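Computed from a predicted structure; not experimentally measured. Lettering follows sequence order; numbering is per chain, from 1.
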Amino acid sequence: MENITIKINGMDVSAPAGSTILEAARLAQVEIPTLCFLKDTNEIAACRLCTVEINGGRLAASCVYPINPGLEVKTNTPSLREYRKKTLQLILSNHDRSCLSCVRSGSCELQTLCKEMGVEADDYFDGDKTPSILDESAAHMVRDNSKCILCRRCTAVCEKVQGIGVIGPNDRGFATFIGSAFDMGLGETSCVSCGQCIAVCPTGALYEKSSIDEVTAAIADPAKHVIVQTAPSVRAALGEEFDYPIGTNVEGKMAAALRRLGFDKIFDTNFSADLTIMEEAHEFIERVQHGGVLPMITSCSPGWVKYCEHYFPDMTENLSSCKSPQQMFGAIAKSYYAEKMGIKPEDIVSVSIMPCTAKKFEIGREDQDVNGIADVDYSLTTRELARMIKQAGIRFNNLPDEEFDAPLGIYSGAGVIFGATGGVMEAALRTAVETLTGEELKKLEFTDVRGTEGIKEATYHVGDMDVKVAVASGLGNARDLLNKVKSGEADYHFIEIMGCPGGCVNGGGQPQQPGYVRNTTDIRTLRAKVLYDADAAASIRKSHENPAIKELYATYLGEPGSEKAHHLLHTSYVKRSINNN
Amino acid sequence: MYRSHVLVCGGTGCTSSGSQQIMVKLRDELGKQGLSEEVSVVQTGCHGLCALGPIMIIYPDATFYAMVKEEDIPEIVSEHLLKGRPVERLLYDETVTPTGIKALSDTDFYKKQHRIALRNCGVINPEEIEEYIGTGGYQALGKVLTEMTPDDVIQVLLDSGLRGRGGAGFPTGMKWKLAKQNDADQKYVCCNADEGDPGAFMDRSVLEGDPHALLEAMTIAGYAIGASQGFIYVRAEYPIAVDRLKIAIEQAREMELLGDDIFGTGFSFNIDLRLGAGAFVCGEETALMVSIEGNRGEPRPRPPFPAQKGLFGKPTILNNVETYANIPQIILNGPEWFAAMGTEKSKGTKVFALGGKINNTGLVEVPMGTTLREIIEEIGGGIPNGKKFKAAQTGGPSGGCIPTEHYDIPIDYDNLLAIGSMMGSGGLIVMDETDCMVDIAKFFLEFTVEESCGKCTPCRIGTKRMLEILDKVTKGQAKPEDIDRLEELCYYVKANSACGLGQTAPNPVLSTLKYFRDEYNAHIYDKKCPAGVCKALLSYYIDADKCKGCTLCARNCPANAITGSVKNLHVIDPEKCIKCGVCMEKCKFGAVYKK
């Protein structure tokens, strides 16, 4: 790949052929402002914020315009600055500008750009507004088109990355709005609740339905015993809401904050991740040895599970019958833990902190309860936790590092890596291989299934069997992988699928990063590294060696796959159709 | 062997006025008179003199009947066809002279025209491929496939100076050359038959009247650039054109002039139709291709250009119908023949659709360089009702107005650009003193706001805000600062929009601001509309000297706004008046006026 030399603002800049003006400018330390641009996902040059002058006057959208030898670019002329302000003012003229009460105030990309570009009169171009109605039909989120700037990032992620496409532009011109087909509310469609649209939305147009009020009310209620579990990925990203660099492990401060928020017990989903491994490894070995349905596919990602039910309904038998770690935790909390502590299950309020929005859908699913009592009562996103901490006035950055409570806060390294794509597979292999061979593993790292590629494959020789595994994250990749399985092109034994690209660390409930960070930083790898480092430093790194898990089975569940385990920890699935909830 | 041919125009205009029924009646009447074996009835395409439709031309004498009605048929058959006596009252009046019937080609409408793209329209039956072949059709393709190389074809086009007739005027030879240079396993030849400009129907007439010219030219294009598949993207609002194209494609395939191994030369080319779905923006090059691909018709960023990466990511050329219609003749007559017509940088002819305040509304084809005055006063027959020329709009919603000071401008691509307008696809709307230029700008802007795809901020929101300001101006609610804001927006939208729709949407506004600022000022400062168009600024009055108290106006007023008793002066209540103008229409004494 040869380099081309162009001129940017009078300076010579050398950049690889095929670069866009935006990329070349970055090499010269000029970050041209962008709004709709999302690398590899949304490259449509729609917002026009990134326009620059080329070769003496004509404007070009720098985010997509390819450089050529002799190109002369100006990025900061007086008229360009005026144009950028006008673009923002026009967007503002068709925008609900109630920043003071907006959940994205402070992290809104439109707000940031207005400040940076020096927009002075936000009402300069006021006129008619495109009419819109709030869409609150989905279990997990709200769509507010009055704040939508039609950047199309949500559409691009849903259609191209997730391969689903339940939202998109309707109508045209000034009347254009993002919505589902045939005026359906989002909740009526085959949306899988993955929340990737929220993750990439630059404004307050998309946000999760919040349960903060219910949780704070429960905490304030003396009759309730409120316990909280935190997913592995939360500790890898929560710090971003408090100005820590991406990839900072804030586990200790997180536990300390939760305690100060008033939760009665601070537990860890990592514990139940280990539990899931126990049940799932057993299930897998059963299927292999007794001719069960293969490939077996993991079921801890509720976005993936709903996707399977809508789009591959004839493969729901392949799904593991195990509940997700979140749900297993809730089931154990309201049975084993309740009995151990002498608390009535109805008095326990089980709250989870998740990097995920689909978990809000999952808690309401059929067969995610025990004896009529829901396993988990409320699921909050990482973002909601950050808001709770700020609203309580807790100075997160100054907190001491604290520990989780026993017994449901004890975990192994295998449980912690659940948040990264390939983590569940790796954790499962550690237990399955040792169980099948009876020998201790010399190397615990199954590096073939690590990394952020969309689809990963590996074959492991276990005992006298070649176990073929595959890992996919992002539902577009899941679709491609499953089509290969359906067509007979591939014959895996065990597949891990996570709904979000890169795994839960990049979940729909994680702190939002603006476009220019997403475009230039590998946040998935940075966040996943927190988990792999925590695993490497853990004293116990295999789920079956977690003492709390061993005690749970010894004193309560019996064996993995026992009748009690089945009753509490396994679930069932529904066959759904497309464009129908 | 027929002794007489009756050509009846089957174009959309004449069809709307009943030409299909006329043909049925004609065949029926001929049958009754026993003339079916002697007189043939031929449906043709548009003759261009649409103001006088339905049109009928009887050969061999070339009698031109205008505004024919079904009731006239028995007389035409018995008088003209049976007895050889033309029906004088139906003749096109200009052809009637003391010394005899003037030839059509000598009439003011036709004598300065040079019909190349329209040469077969009105002459042949477009549903009979043999008639197209009879006028030299498919000979150019034969010559190309058997005597010329692809590079030869491209060179001919370059030498001819043919520029795209869709509006932008890009040299056609250059476009084909760029596409030929890019290697790919598949290339495409597309035809833009979306013709979205309001008031434009040039392409429609070619599609309806001479569809084979398009097919032949596209096949030639395929040979030149190395493509084996063509698509005609035609707007669904042209059902007659769609039908004629389907018939033409079917007939060309049957004769093996389309499809595999054309003329036995081994060259294969297929053409398929794709129908538009009612979006003006799909006439934009990349949006058209996105639409063919089955997606929402929104433009794509360029570069890469379609010659490199177009339809389905392959090298593609897209040309306008009229551009293609010229090509077979250029091949047969040679590039020098074409380059001998027109101006230095704009060769050949251009088809214009004359509309608005002009006597001879219809289609004309004139050499480039013909002046606006010649087109309007000589060919167009001048402004009706004794009114004076005020401005002409070319280029539709993307163009600008041409005022009296440029009346003698030789029309070509560069001259029009230089005065703030553009050639556009050929729509030419004529305006007189009863047209308000602010209202005209608003009309075109309403169109672009409605048709904007909505993808980019400047066009989606910017044009809407521009329209809101213009609306205020026409209602007398604007302030001087609003015009500054309007101009700011115009330049911003022009520079920043992602495609031609947004980039040219401000043109009508900018050109009317440039040449008719005083009209804007009257609306803003005086709250008056000098042309008497903007309703909010008008009031209707009854002249006391002329009113006879007949009560006709009061009885017809839909808003009960007029009071008065018999034989007494009637008065209009401005609070109730909705300015519909019915009273003015009904008054037999000219007592109602507006100002």
S.K.: For chain B, which residues from residues 84-92 of chain A lie under 4.5 Å away (heavy-atom distances)?
M.R.: A:Lys86, A:Thr87, A:Leu90, A:Ile91

S.K.: In terms of heavy-atom proximity below 4.5 Å to chain B, should A:Leu49 be classed as side chain, backbone, both, or neither?
M.R.: neither

S.K.: Does atom NZ (A:Lys74) have a neighbourhood of more than 12 heavy atoms from anything else shown, all under 6.0 Å?
M.R.: no

S.K.: Which bit of B:Glu298 is near chain A, if near means a heavy-atom gap under 4.5 Å: side chain, backbone, both or neither?
M.R.: side chain

S.K.: Has B:Glu481 got more than 12 heavy atoms of other residues, nucleotides or ligands less than 6.0 Å from its CD?
M.R.: yes

S.K.: Given that the side chain runs from C-beta out, which part of B:Lys455 has a heavy atom under 4.5 Å from chain A: side chain, backbone, both or neither?
M.R.: both

S.K.: Which value, rounded to the nearest 0.5 Å, describes the distance between B:Arg296 atom CZ and A:Arg172 atom CZ?
M.R.: 9.0 Å

S.K.: Kindly give the heavy-atom pair with the smallest separation between B:Gly454 and A:Arg152, and that separation in Å.
M.R.: O-NH2, 4.1 Å

S.K.: Under a 4.5 Å cutoff for heavy-atom pairs, which residue among B:Arg302, B:Glu488, B:Arg485, B:Arg300 has the most contacts with chain A?
M.R.: B:Arg485

S.K.: Let me confirm one number: the CG-OG1 distance from B:Asn496 to A:Thr51, rounded to the nearest 0.5 Å.
M.R.: 4.5 Å

S.K.: To the nearest 0.5 Å, tell me how far B:Leu489 CG sits from A:Tyr124 OH.
M.R.: 8.0 Å

S.K.: Could you look at B:Ser497 and say if it's the side chain, the backbone, both or neither that has a heavy atom under 4.5 Å from chain A?
M.R.: backbone

S.K.: Are there over 12 heavy-atom neighbours, none belonging to A:Ile133, within less than 6.0 Å of that residue's CD1?
M.R.: no

S.K.: Quick one: closest heavy-atom pair of A:Tyr83 and B:Tyr491, and the distance?
M.R.: OH-O, 4.1 Å

S.K.: How many angstroms lie between atom CD of B:Glu468 and atom CZ of A:Phe125, to the nearest 0.5 angstrom?
M.R.: 11.5 Å

S.K.: Taking all heavy atoms of A:Phe174 and all of B:Arg460, pick out the closest pair and write down the distance.
M.R.: CD1-O, 3.5 Å

S.K.: Please check if the number of heavy atoms outside A:Asp183 that lie under 6.0 Å from its CG is greater than 12.
M.R.: no

S.K.: Answer with side chain, backbone, both or neither: which region of A:Asp128 has an atom nearer than 4.5 Å to a non-hydrogen atom of chain B?
M.R.: both

S.K.: Using heavy atoms and a sub-4.5 Å threshold, report which of residues 502-514 of chain B line up against chain A, by residue number.
M.R.: none

S.K.: Give the minimum heavy-atom separation between A:Ser93 and B:Ile461, together with the two atoms involved.
M.R.: OG-CG2, 3.6 Å

S.K.: Should the heavy atoms of other residues, nucleotides or ligands under 6.0 Å from OH of A:Tyr516 be counted, would the total exceed 12?
M.R.: no

S.K.: I need the A:Leu150 CG to B:Cys456 SG distance, nearest 0.5 Å.
M.R.: 11.5 Å

S.K.: Ignoring hydrogens, what is the shortest heavy-atom contact between A:Ala45 and B:Pro301? Give both atom names and the distance.
M.R.: CB-CG, 4.1 Å

S.K.: Got a sec: does the NZ of A:Lys129 have more than 12 other heavy atoms crowding it under 6.0 Å?
M.R.: yes

